[in-house]
Amino acid sequence: MTTPVSRSPKALGRRLLAWYGRARRRLPWREGRGRHPDPYRVWLSEIMLQQTGVATVGPYYERFLARWPTVGALARASLDDVLHAWQGLGYYARARNLHRAASLVAETLGGRFPDDEAGLARLPGVGPYTAAAVAAIAFGRRTVPVDGNVARVIARLHGLRTRLPEGRAALFVRARAMLPARPERGASFEARVTPVGVHSHDVKPARHPGDFAEALMDLGATVCTPRKPRCEACPWGSACRARALGRPEEFPAKKPRPQRPTRHAVVFWAEDGLGRVLVRRRPERGLLGGMMEFPSTPWRAKPWTDGEAPRHAPAQGAWRPLSPSFRHAFTHFALEARVVRARVRGGAVRSFSWWPVAELDRLALPSVMKKAAKIAAATGRKRPGNRTESKASSGR
DNA sequence: GAGCCGTGGAC
DNA sequence: TGTCCAAGGCT
């Protein structure tokens, strides 16, 4: 009954597109079929999606687009506002590069994004993957973005052990060989749903390279998943080498993960008598660059004792430990932190500023600092009589 | 090339 | 709880 799947690359490409016509996911940054997407939206979504899941990005994307509908609007925003809108999304260099790139496009490129890979790749925060994705999806360039999804899908199809970044070139060649030769004129699943009143130049040709890119990524995200791939639902079925070999999950080869060390810190919740706490901005570069933070000891390998931590406090005070301590996992280390609280004199404190606790949500606070604030706020709300129960271990 | 750079969800 | 993972880029 089932026809054997041809291993001709073009045939596999056609099969993938046919599957995509049925299985296409509706995502906030995807235009209706038949419309050329707005390059600004494509670029914005691709930056947000770097190493970040679709479900996480969704609400951020919607908020950004509502607040800054065009690249010009984003360019006119302050970096502070952009970082604030980005808080919680992580990899904050992306937000800084996003803002820089928007300014570049708005001010020196006349508000138009470069329409090819080379030009796009010159924008800060745009690397090989993102340049190819935007070129294909927004401008119909005949290229294939190779991300983790595409690498996995192609590696499995051909039974390649290769992995990124070494195997990018080989994977690209294999993927591009499946790209339909040229856009075809005539009926297509896009053309059938083209809304009335849309001008012809707004209409994407069938088999647009952007559809192919999105099809590969959808396949990787929904069928050819890292764990427990749903091979029975795959349009490539019996053509897949990794499936034939019986262990599709073993492709591509995985890079052994270095162990994640633990660092320790004590965070100082320093209050004046007016409902304010001390905060400061982190350096522009490096971890949580440009984001706000509360004072803390250095983050070091060795735990802090109650005796030595206060030497790093921003001001003198009777520092009381709050419970519980918390852990926060960064990419290459985990932070084990404790919050201590004291009332300190409200005068100037070097490198720090006083900020109203009630308005902390106006600051660009990374998640790790929000955890600290939550612990401080929870303890602050307790009535004095409640205070001793939870800390047989931390009390002194 | 390898290390750095967040976060929350799935298992 | 711990581990792995996600539409990478920069230095």
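Computed from a prediction, not measured in an experiment: that's the story for all the values here. Labels below follow one simple rule: chain letters A, B, ... track the order of the sequence lines, proteins then strands, and each chain is numbered from 1.
Within 4.0 Å of S45(A), counting heavy atoms only, lies no atom of the nucleic acid at all. No contact: A55(A) has no heavy atom under 4.0 Å from any strand. Among the heavy atoms of the strands lying under 4.0 Å from V54(A) is at least one base atom, whether or not backbone atoms are also near. Contacts of R152(A) with the nucleic acid, taken as non-hydrogen atoms under 4.0 Å apart, involve only primed sugar atoms and P, OP1 or OP2. P258(A) comes within 4.0 angstrom of nothing in the nucleic acid, heavy atoms only. L288(A) comes within 4.0 angstrom of sugar-phosphate atoms only, judged by non-hydrogen atoms across all strands, and of no base. Here G289(A) lies out of heavy-atom contact (under 4.0 Å) with every strand. Nucleic acid contact class of S367(A) (heavy atoms, under 4.0 Å, all strands): sugar-phosphate only. Within the 4.0 angstrom heavy-atom criterion, only backbone atoms of the sugar-phosphate kind lie near P128(A); the bases stay farther away. Using a 4.0 Å heavy-atom criterion, one finds that L335(A) contacts no nucleic acid atom at all. Counting non-hydrogen atoms under 4.0 angstrom, W86(A) reaches nothing in the nucleic acid.
Mapping L123(A) and L49(A) onto DNA chain C by nearest heavy atom places L49(A) closer to the 5' end of the strand. With the nearest nucleotide of DNA chain B identified for both K228(A) and K371(A), K371(A) has the one nearer the 5' end. Two residues, P124(A) and E46(A), neighbour DNA chain C, and the one matched to the more 5' nucleotide by heavy-atom proximity is E46(A).
Between the C1' atom of dC5(C) and the CZ atom of R257(A) lies a distance of 6 Å, rounded to the nearest Å. The distance from atom CE of M217(A) to atom P of dC5(C) is 20 Å, rounded to the nearest whole Å. When the P atom of dT3(C) is taken as reference, atom CZ of R327(A) falls 9 Å away, rounded to whole Å. Here the C1' atom of nucleotide dC10(C) and the CZ atom of R122(A) are 18 Å apart, to the nearest Å. To the nearest angstrom, P of dT3(C) lies 18 Å from CZ of F330(A). One interatomic measurement links the two molecules: CG of L287(A) to C1' of dT11(C), which rounds to 16 Å at whole-angstrom precision. The distance from atom CZ of R96(A) to atom C1' of dC10(C) is 11 Å, rounded to the nearest whole Å. Y92(A) has its OH atom 19 Å from the P atom of dC10(C), to the nearest Å.
The only member of W68(A), F64(A), Y61(A), Y91(A) that meets ring-ring contact (aromatic ring centres under 6.0 Å, His included) when paired with W86(A) is F64(A).
Connection of L120(A) to L98(A) is established within a shared hydrophobic cluster, with ILVMFWY side chains joined at heavy-atom distances below 4.5 Å, either directly or through further cluster members. One hydrophobic cluster, built from ILVMFWY side chains closer than 4.5 Å, holds both F330(A) and L83(A).
The footprint of chain A on DNA chain B, defined by a heavy-atom cutoff below 4.0 Å, extends from dC4(B) to dG8(B).
Cation-pi contact between R341(A) and F268(A): absent, since separation from the ring centre below 6.0 Å together with deviation from the ring axis within 45° is not met. Both tests do not hold together for R156(A) against F251(A): distance to the six-membered ring centre under 6.0 Å, angle to the ring axis within 45°. Note that R281(A) lies outside the cation-pi zone of W355(A), set by a 6.0 Å cut-off to the ring centre and a 45° limit from the axis.
Considering only side-chain N and O atoms, Q50(A) lies nowhere under 4.0 angstrom from the phosphate OP1 or OP2 of dG8(C). Regarding contacts with the backbone of dT3(C), every side-chain N or O of R227(A) stays at 4.0 angstrom or more from both OP1 and OP2.
Distance noted for atom P between dG6(B) and dT11(C): 14 Å (whole Å).
Side-chain proximity of R285(A) to the nucleotides dC5(C), dG8(C), dT11(C) is greatest for dT11(C).
Contact check on K370(A) versus D361(A) returns no salt bridge, with no Lys/Arg side-chain nitrogen under 4.0 Å from an Asp/Glu carboxylate oxygen. At a threshold of 4.0 Å, the pair R280(A)-E293(A) counts as salt-bridged, since one of the basic side-chain nitrogens sits closer than that to a carboxylate oxygen.
The neighbour count for R300(A) CZ, taken as heavy atoms of other residues, nucleotides or ligands under 6.0 Å away, is above 12. Residue R122(A) places its CZ atom among 12 or fewer non-hydrogen atoms of other residues, nucleotides or ligands, all under 6.0 Å distant.
Taking every heavy atom of residues 63-75 of chain A and every atom of DNA chain C, no pair lies under 4.0 Å.
Between W304(A) and H312(A), the angle of the ring planes goes over 60°, which puts this pair in the perpendicular group of the 30/60° scheme.
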